[in-house]
Structures are given as C-alpha cells and as structure tokens.
Amino acid sequence: MRLRLTPRDTTFFDLFAASAQHLVTGANLLGEMLGADRPTRKELGKRMADAEHAADDATHQIMRRLNSTFVTPFDRDDIYDLASSLDDCMDFMEEAADLIVLYKVEELPARVADQVQVLQRAAELTAEAMPRLRSMDSLSEYWVEVNRLENQADKSHRKLLAQLFDDVADPILLMKLKEIVEKLEDAADAFEKVANTVETIALKES
C-alpha cells in the first residue's frame, strides 16, 4: 500500500454513493412506466425529470469539489470520468422515459422489460459498489457482473430490433419505438463505462 504524506478529501466517496442512488431511482421509475397507462406515465415522466435534475446536482457537487481540492483520493481524470459516466446513465434513462411520454406510445414491446430489468440490476450493483471505492475491496465482482449484464443487454437489443422490424407495420411507430429502444441500450452501455472506469481506478490503486 502506498504511503500518503498528505490527507485525502474523502467527501468524494459519499458524493459518488449519493450519485449512484439516483440511478436506482431512475431505473425503478422506468420499470414503473412499462405497464402504466398514459396519464400515469406522464406523472412518472415528471418524477424522472426531477430525479435527473437531482443527479445533475450531484454531478455538479463532485465537479465543484474536484476543482477546489488539492489532494484527491485517486486520479483527478478518473474522478471526472466516473462522475461524467454516472451522469450519462441517468441522462439516457431520462431521455428514454421522456420519449415514451412525448411519443404517446400506447404499448411497449414485451422485450423492453428485459432491457429495463438489466438497467435496474446494473443500477443496484453500481449503488452497492460506490461506497466500496473507499477501501477498493470486492469490486471485481461488480465490474465483471455489469459487463455480463451489458452483453445480455446487447443480445436483448438485437432481438428487440428484429422483432420491431417484423411486427410493426406503421413506419412512424417503428421509428418511435426504435429510438426508445436505442436510448435504453445507450444507458446499458453507460453503466458498463462506469464499471470499466471503476476497474481502471482499482487497478491503479492496487
């Protein structure tokens, strides 16, 4: 273990943990949207927008702390990348929810639930992992599982696209559903980027 001659600001660990909790909220709101009617989806969309604003605030807190702290717990660029990647997860989930509301989609394909379940699990794992950055203990299981989930999401995404092109005759509806599905896939990719950043940090600190 490396000897540090100056104290580190440990506030970052709490800020990352708080940021990840917003992802759990966002993923669960997406889950609630799946079987909801349009008025309920509109209300859930408002709650998702509020969660996204709260996540933005958490990201800004991390950036402000980064700009005002001389000695950071790990590499400054990695702190920036981790904060940005967490923010991307929430942004993509909020965009998907917003499109569901704006496009007034009556019924989402059943396979969308597979995508959302992956996001919910990835969010839970990320929220569990962030506090462990403090000690760097037992993090490998986290990034291995999130990478596995992302591979699962890729397969689900491909099957869902194939199903859409087979089953949806209306080209406008097809375009709407495809855009929603793509945003959910972007969110899964963003969760993988968070896990990869955590792996980079852990390897540097080992």
Which atom of Val168 lies closest to which atom of Leu174, heavy atoms considered: CG1-N, 3.6 Å

Electrostatic pair Glu179:Lys183 at N-O distance under 4.0 angstrom: no

Separation of Asp56 CG from Gln61 CD (nearest 0.5 Å): 11.5 Å

Working for side-chain contact (heavy atoms from CB on, under 4.5 Å), residues Met90 and Met48: CA-CA 9 Å; Met90 191 67 195; Met48 177 68 93; 3.7 Å; yes

Gap separating the CD atom of Glu52 from the OG1 atom of Thr59, nearest 0.5 angstrom: 8.5 Å

Pair Arg134 + Asp14: basic N to acidic O under 4.0 Å: yes

side-chain hydrogen bond (donor to acceptor under 3.5 Å, both in side chains) between Glu182 and His157, intermediate numbers included: CA-CA 8 Å; Glu182 294 292 353; His157 175 240; 3.3 Å; yes

From Leu160 atom CG to Lys178 atom NZ, the distance as rounded to the nearest 0.5 Å: 11.0 Å

Side-chain donor-acceptor pair present, Asp37, Thr40, cut-off under 3.5 Å: yes

Shortest non-hydrogen contact between Gly31 and Gln120, atoms and distance: CA-NE2, 3.9 Å

Which atom of Ala195 lies closest to which atom of Trp143, heavy atoms considered: O-CB, 3.7 Å

Side-chain touch Phe191/Leu23, heavy atoms, less than 4.5 angstrom: yes

Donor-acceptor contact present, side-chain Ser68 to main-chain Arg65, <3.5 Å: yes

Pair Gln152-Arg148, side-chain donor/acceptor within less than 3.5 Å: yes

Short N-O contact, Glu32 and Arg41, less than 4.0 angstrom: no

Min side-chain heavy-atom separation Cys89-Val194 under 4.5 Å: yes

Min side-chain heavy-atom separation Leu149-Leu119 under 4.5 Å: no

Parallel, tilted or perpendicular: ring planes of Phe74 versus Phe16, cut at 30 and 60 degrees: parallel

Joint hydrophobic cluster, Tyr80 plus Leu203, side-chain heavy atoms closer than 4.5 Å: no

Working for side-chain contact (heavy atoms from CB on, under 4.5 Å), residues Val101 and Lys104: CA-CA 5 Å; Val101 174; Lys104 301 176 181 177; over 6 Å; no

In one Ile/Leu/Val/Met/Phe/Trp/Tyr side-chain cluster, 4.5 Å: Val116, Tyr103: yes

Thr126 side chain near Leu86 side chain, heavy-atom distance below 4.5 Å: yes

Joint cluster assignment, Leu173 & Leu99, ILVMFWY side-chain distance < 4.5 Å: yes

Shortest non-hydrogen contact between Ser138 and Arg132, atoms and distance: O-NH2, 3.0 Å

Closest heavy-atom pair and its distance - Met136, Ala202: SD-CA, 4.0 Å

Residue pair Pro131 / Phe13, side-chain heavy-atom distance below 4.5 Å: no

Pro73 to Glu205 - nearest heavy-atom pair and separation: O-OE1, 4.0 Å

Steps toward side-chain contact (heavy atoms from CB on, under 4.5 Å) verdict (Tyr142, Glu199): CA-CA 9 Å; Tyr142 153 68; Glu199 181 178 10; over 6 Å; no

Any donor-acceptor N/O pair, Arg76 side chain to Leu66 backbone, under 3.5 Å: yes

Pairwise side-chain contact, Val146 with Asn196, heavy-atom cut-off 4.5 Å (strictly under): no

N/O donor-acceptor pair under 3.5 Å between Arg47 side chain and Glu43 backbone: no

Leu15 CG to Leu82 CG distance, which is reported to the nearest 0.5 Å: 11.0 Å

Contact check, side chains of Ile180 and Val112, non-hydrogen atoms, under 4.5 Å: no

Glu145 side chain vs Leu125 backbone, donor-acceptor pair below 3.5 Å: no

Val24 with Leu133, same ILVMFWY side-chain cluster at under 4.5 Å: no

Chi angles and distances behind the side-chain contact (heavy atoms from CB on, under 4.5 Å) call for Leu30, Leu184: CA-CA 10 Å; Leu30 275 176; Leu184 294 173; 3.9 Å; yes

Side-chain heavy-atom pair Leu108, Met33 within 4.5 angstrom cut-off: no

Atom pair CG (Asp75) and CG (Asp77), whose distance is rounded to the nearest 0.5 Å: 5.0 Å

NZ on Lys193 to CG on Asp81, rounded to 0.5 Å: 6.0 Å

Polar side-chain atom of Asp87 near backbone of Ala83 as donor-acceptor pair, under 3.5 Å: no

